[in-house]
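Working notes, structure below.
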Amino acid sequence: MESALRNLSSSVELLAVAAHSGAVDQWDDHSLSSAFDWARYCEHLFSRFHNNPAVRGAMEEQLQLTNGRLRAAFPGSTEVSFPDLSRCQHHLLIGLLNNPKLPISIMKLLFDSNAPADSGCVDVSGLCSRIIQCKSACKVLSPLTPPSAVGADAEVQGGLLMERLGALITHGRAEHFLDSVLRGCEGAAAEHFCLVIAAALLTRTNSETASHEVLLDWLLKKQPSTLERTCSALPTARLMDLVKEHLKFRDAYRDVLKKWASEMEYSIGDGEWVQSRTNPPASFQKLTEHFQALFETCPSLRDDVEKELNALKISDGDFDVRGLSVWGDLLSELHK
């Protein structure tokens, strides 16, 4: 019993270090894995002894003593109660997210949806998926938009991204963090990060406004290629959610569609407009569907956008023959 109490005290101290100490800047994969092992140990203690009055009483007394020491070491730290032990991994994760000293290398694990569960490192993505299912975690990570075609992992990671940006904004490191995460993403990982960005922008809490602004400005002003990839990767319904939620995104999305159209060339052999620069390439049919969805979502935009398209058609010679102007053919499709 004495050993269990010592371990309990050490684990609670670890939670405080994770949330408030600059020592986390020295953590590596092994440190993170070990920390979550101790958090799981605390959850095991709760599961085993929460219905044992004698043992629970001794643990609650130990927690009071430990919390008292930690208040002196870390002013403003949150006390850990016995019921808190049931979600110790959650407290550890949120503490780390809010610690501005957490190294980028550790944060990147949160966006690694392909990390094997049996690796030596903690399965953070799996942990996040479990956290979002807990009512206790929803107080911190939600309300999120309901799970959709983008996947539960992206939903959870989007909430975590907002948490991290909120902690970094006051330290001026938010854009640096986003740049670092993006540099570590290639191929499928980059596409997954686009889903995470969308989920983050659709979190709905009053405290996330500043984080939304930082993320949007970074995406629209500094990462045009990532914006295009996001518009290409997301389901249309998800894009419309973003269009309704953020005026800046709506205008940028419209510009992306016009850019895709301007890059199309007419293939005589296929009898169709084709485009190869977008990854994956945007077909003329898909482009038309994007514009139609935008008009259905924002009917007030239709007149202005059609005027823009008509002006571009006129600049091409104002031909009504198919294949001579992508703008003319696009207008024809939209008027059907």
Side-chain angles (χ1 to χ4, degrees), residues 145-151 154 187-188 190-199 201-202 216 219-221 223-336:
T145 53
S148 66
V150 301
E191 183 168 315
H192 179 75
F193 187 46
C194 292
L195 305 185
V196 173
I197 290 173
L201 290 172
L202 290 171
L216 265 176
L219 179 65
L220 304 186
K221 297 177 182 179
Q223 297 296 334
S225 60
T226 303
L227 171 63
E228 283 196 58
R229 184 186 288 270
T230 299
C231 293
S232 178
L234 289 178
T236 305
R238 195 64 160 176
L239 287 168
M240 293 308 104
D241 289 339
L242 288 168
V243 162
K244 288 184 285 187
E245 192 70 23
H246 298 287
L247 181 61
K248 287 182 180 179
F249 184 88
R250 184 197 72 182
D251 293 340
Y253 171 61
R254 179 178 62 183
D255 290 341
V256 166
L257 297 185
K258 289 190 294 183
K259 180 178 182 293
W260 286 351
S262 70
E263 295 171 346
M264 287 187 168
E265 297 179 354
Y266 192 76
S267 171
I268 297 177
D270 296 331
E272 188 59 273
W273 290 94
V274 296
Q275 199 251 34
S276 59
R277 298 186 188 180
T278 306
N279 186 22
S283 68
F284 183 77
Q285 179 183 355
K286 189 66 176 178
L287 179 68
T288 303
E289 292 172 359
H290 276 288
F291 272 109
Q292 289 171 335
L294 179 61
F295 293 160
E296 290 173 7
T297 303
C298 303
S300 61
L301 280 182
R302 185 173 194 122
D303 286 345
D304 288 342
V305 173
E306 288 190 350
K307 286 179 181 177
E308 292 176 2
L309 298 182
N310 193 58
L312 291 167
K313 174 193 172 188
I314 292 173
S315 69
D316 274 351
D318 201 18
F319 299 106
D320 290 321
V321 179
R322 181 172 174 79
L324 294 183
S325 171
V326 67
W327 312 110
D329 289 354
L330 184 57
L331 282 167
S332 297
E333 289 297 318
L334 293 175
H335 288 156
K336 285 183 178 179

Subject >> Worked check of side-chain contact (heavy atoms from CB on, under 4.5 Å) between Lys258 and Phe291 >> reply: CA-CA 10 Å; Lys258 289 190 294 183; Phe291 272 109; 4.3 Å; yes
Original post:
Have Asn310 and Trp327 got a donor and an acceptor in their side chains that come within less than 3.5 Å?
Top reply: no
Original post:
What distance separates Leu287 CG from Lys259 NZ, expressed to the nearest 0.5 Å?
Top reply: 12.5 Å
**OP:** Provide the closest heavy-atom pair for Asp329 versus Val321 in the form atom of the first, atom of the second, distance.
**Re:** OD1-O, 4.2 Å
Original post:
How about Gln285 and Glu272: do any of their side-chain heavy atoms sit closer than 4.5 Å?
Top reply: no
**OP:** May I ask you to test the Cys298-Val243 pair for a side-chain heavy-atom distance under 4.5 Å?
**Re:** yes
Original post:
So Tyr266 and Leu324, side-chain contact (heavy atoms from CB on, under 4.5 Å) or not? Walk me through it.
Top reply: CA-CA 8 Å; Tyr266 192 76; Leu324 294 183; over 6 Å; no
**OP:** Test Cys194 against every option in Leu234, Leu219, Leu227, Thr230 by the side chain to side chain contact (heavy atoms under 4.5 Å, CB included) rule and name the one that passes.
**Re:** Thr230
Original post:
Can you tell me how far the NZ atom of Lys307 sits from the CG atom of Leu312, to the nearest 0.5 Å?
Top reply: 14.5 Å
Subject >> His290 vs Trp260, side-chain contact (heavy atoms from CB on, under 4.5 Å): CA-CA, chis, key distance, verdict >> reply: CA-CA 11 Å; His290 276 288; Trp260 286 351; 4.0 Å; yes
Subject >> Student check: side-chain heavy atoms of Leu202 and Arg238 closer than 4.5 Å >> reply: yes
Original post:
Who pairs with Asp316 by salt bridge (Lys or Arg N to Asp or Glu O under 4.0 Å), at least two apart in sequence or on another chain?
Top reply: none
Subject >> Smallest separation among heavy atoms of Gly271 and Arg322, with atom names >> reply: O-NH2, 3.7 Å
**OP:** Determine whether Phe284 and Val326 make a side-chain contact, defined as any pair of heavy atoms from C-beta on separated by less than 4.5 Å.
**Re:** yes
Original post:
Can you name the closest pair of heavy atoms from Ala252 and Leu220 and give their distance?
Top reply: CB-CD2, 3.6 Å
Subject >> Gap separating the OG1 atom of Thr297 from the CG atom of Leu239, nearest 0.5 angstrom >> reply: 9.5 Å
**OP:** Evaluate the salt bridge (Lys or Arg N to Asp or Glu O under 4.0 Å) criterion for residues Glu245 and Arg250: first the C-alpha distance (whole Å), next the side-chain angles of each, then the deciding distance (0.1 Å), finally the verdict.
**Re:** CA-CA 9 Å; Glu245 192 70 23; Arg250 184 197 72 182; over 6 Å; no
Original post:
Could you give the distance from CD (Glu265) to CD (Glu263), rounded to the nearest 0.5 Å?
Top reply: 10.0 Å
**OP:** Please report the closest heavy-atom contact between Glu333 and Gln292, naming both atoms and the distance.
**Re:** O-NE2, 4.0 Å
Original post:
Between atom OG of Ser283 and atom CG of Asp270, what is the distance when rounded to the nearest 0.5 Å?
Top reply: 12.0 Å
Original post:
Could you state the interatomic distance from CG (Leu301) to CD (Glu308), rounded to the nearest 0.5 Å?
Top reply: 9.0 Å
Original post:
Shortest non-hydrogen contact from Cys231 to Tyr253?
Top reply: SG-CD1, 3.7 Å
**OP:** Kindly write out the residues that satisfy side-chain hydrogen bond (donor to acceptor under 3.5 Å, both in side chains) with Lys244, not counting sequence neighbours, or none if the list is empty.
**Re:** none
Original post:
Step by step, would you call Arg302 with Leu334 a side-chain contact (heavy atoms from CB on, under 4.5 Å)?
Top reply: CA-CA 10 Å; Arg302 185 173 194 122; Leu334 293 175; 4.2 Å; yes
**OP:** Search all heavy atoms of His246 against all heavy atoms of Leu201 and return the closest pair with its distance.
**Re:** NE2-O, 2.8 Å
Subject >> Heavy-atom neighbours of Glu289 CD exceed 12 at 6.0 Å >> reply: yes
